[in-house]
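Some notes on the structure that comes next.
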Amino acid sequence: MTDLKRTPLYTAHSALGAKLVDFGGWEMPVQYTGILEEHNAVRNAVGIFDVSHMGEVTAKGPNALKFIQNLVTNDVGKAVDGQCVYSPMCNENAGIVDDLLVYRKAADNIYIVVNASNTDKDFAWMQKNSMGAELENISEKTGEIALQGPKAQVTLQKITDFDLSTIKFFRFAEIIVASATALVSRTGYTGEDGFEIYAAAEDMEKIWNALMDAGKEFSIKPCGLGARDTLRLEAGLMLYGNDITDDVTPYEAPLRWTVKPDKGDFIGKQKLLATPPKRKIVGFELLEKAVPRHGNDVFVNGEKFDLVTSGTFSPSLKKPIGFCFVPADITDDSKVEIKIRDKFYPAKTCSHRFYKRL
Amino acid sequence: MKFTKEHEWVNIKGEVAFVGISDYAQKALGDIVSLDLPKVGSTVKQGQSLGVVDSMKASSEIYSPLSGEVLEVNNELDANPQWVNESPQEKGWMAKLKPTNVSELDGLMSEEEYKKYLEGLSK
């Protein structure tokens with residue numbers, strides 16, 4: 001385990017009794033008190049996640065906008081300064097290299113957040129396609145905390161003078177949090193209201209402790225990757241490596257909404273537009289009690305078609321759910337079968353957005 | 001109560017044997033959400049699969065500590081899978097068997113021996 005990377009909050013996790021696992025080469029907490037308890041804390045109050053393993057890249061200079069517009073499928077040109085844009089970035093075959101959050105500080109100052117397991121791959125890809133933009137991989141000196149749940153705002157408000165109600169959904173601001181400079185966005189991976197807070201690695205422990213303290217009155221819970229997965233699955237959010245990979249296009253994934261062909265050219269555009277998908281990712285609900293997981297076979301009309309990409313037991317809906325590939329022309333509410341170990345379980349297809357915030 | 005290396009326990013009460021998983025096992029699995037228990041009337045050999053227990057993190061096979069016929073399974077675990085976490089050796093019992101060879105228990109660990117075995121695992 002000694003070769004695994006550790007975030008600036010490793011000591012905090014150990015002190016809280018976290019169960020640590022290897023996640024993409026990082027020693028990360030999978031749970032503290034339990035996945036169900038942590039999941040419910042986020043849905044009902046407030047949970048705090050260390051996501052410092054995520055990567056951050058800056059793109060600056062007069063070619064920054066041109067670079068990002070060519071790199072991703074979504075339209076950063078239409079975004080205003082202070083707005084976040086979620087987008088996949090594709091290779092020439094329209095396969096997804098990674099999905100990212102693009103923070104437009106200005107047309108010549110873009111902040112990009114990438115998945116932890118893809119940071120090196122993404123940065124190399126960006127450098128290869130830089131179009132003259134000034135790129136810097138600032139991942140090692142940057143940490144990130146996610147604060148999620150209905151009580152996230154009141155918690156964070158206790159440690160900043162900035163009026164957080166002015167930061168709208170998918171907007172961000174650079175403010176002082178617990179006496180540290182931080183980039184704070186109203187974004188997240190849980191389907192609840194909440195914030196993602198980026199700051200210098202050396203300030204992470206201070207911010208974490210301040211938030212744990214501020215959140216005490218709301219019963220704040222530290223949450224691990226286990227709860228992170230159940231929350232995002234319920235919310236209908238894709239996980240790179242599970243649901244989307246470089247063998248999956250944004251049309252096969254439920255990401256057509258992120259593709260804006262009118263904005264101009266981008267890597268993979270030609271292939272993407274020219275290739276009607278033969279399969280698509282949908283949500284499903286298992287009709288008998290078992291737990292579906294990534295890699296289970298999906299049978300359509302008695303024949304093996306493809307695989308489950310993500311599966312779990314939904315703590316909020318109290319039933320087994322997941323995402324899987326089905327034929328592109330299948331309608332909602334179709335019956336399929338999921339093979340778990342040696343048994344076939346009936347399942348019903350549905351929207352991948354299982355959970356709607358109350 | 002006797003224990004297996006795979007963290008199942010068996011408790012003989014008169015002519016029947018109650019079977020479940022140990023406290024160590026439920027801790028390792030985390031929140032239990034569903035179980036796949038055997039059919040009543042089926043027979044099982046010692047060491048053979050007695051079903052599966054699903055937790056949020058993983059699914060784990062349950063191996064029968066002894067050979068016998070399945071007389072009853074704990075159907076209440078369907079609505080209350082968390083009993084396996086809360087009370088793994090009592091309320092969370094999984095199956096009731098009619099043992100065919102009680103001497104099989106001689107090869108299993110006593111509570112003391114199991115405690116020592118667990119200490120050895122954590123080293």
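Lettering of chains follows the sequences in order, A, B, ..., and the numbering in each one begins at 1.
- Pairing each heavy atom of A/Gly194 with each of A/Ala152, the nearest pair is CA-CB, 3.9 Å.
- Expressed to the nearest 0.5 Å, how far CD1 of A/Ile48 lies from CD1 of A/Ile220 amounts to 4.5 Å.
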Using only distance (under 3.5 Å, no hydrogens or angles), which donor-acceptor pairs connect chain B and chain A?
unit_1, atom_1, unit_2, atom_2, d
A/Lys19, NZ, B/Lys27, O, 3.0
A/Ile35, N, B/Asp31, OD2, 3.1
A/Leu36, N, B/Asp31, OD2, 2.9
A/Lys289, NZ, B/Asp78, O, 2.5
A/Arg293, NH1, B/Met56, O, 3.1
A/Arg293, NH2, B/Ser55, O, 2.9
A/Arg293, NH2, B/Ala58, O, 3.2
A/Arg293, NH2, B/Ser59, OG, 3.0
A/Lys343, NZ, B/Asp36, OD1, 3.1
A/Lys343, NZ, B/Asp36, OD2, 3.1

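- With sequence neighbours excluded, the residues that form a side chain to side chain contact (heavy atoms under 4.5 Å, CB included) with A/Ser14 are A/Tyr10, A/Leu20.
- Considering only heavy atoms from C-beta on, A/Leu231 comes within 4.5 Å of A/Arg43 through its side chain.
- With values rounded to the nearest 0.5 angstrom, A/Tyr355 atom OH is found 12.0 Å from A/Ile321 atom CD1.
- Chain B is approached within less than 4.5 Å, heavy atom to heavy atom, by no residue from residues 299-309 of chain A.
- Taking 4.5 Å as the limit, some side-chain heavy atom of A/Trp208 sits within range of a side-chain heavy atom of A/Ile145.
- With a 4.5 angstrom heavy-atom cutoff, A/Pro315 touches chain B only via side-chain atoms.
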Stepwise side chain to side chain donor-acceptor pair (under 3.5 Å) test for A/Asp50 and A/Ser52
CA-CA 6 Å; A/Asp50 171 23; A/Ser52 300; 2.7 Å; yes
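- Atom NZ of A/Lys5 sits about 5.5 Å away from atom CH2 of A/Trp26, to the nearest 0.5 Å.
- Residues passing the side chain to side chain contact (heavy atoms under 4.5 Å, CB included) test with A/His352 are A/Met238, A/Pro254, A/Phe323, sequence neighbours excluded.
- In this structure, CG on B/Leu50 lies 11.5 Å from CD1 on B/Ile21, to the nearest 0.5 angstrom.
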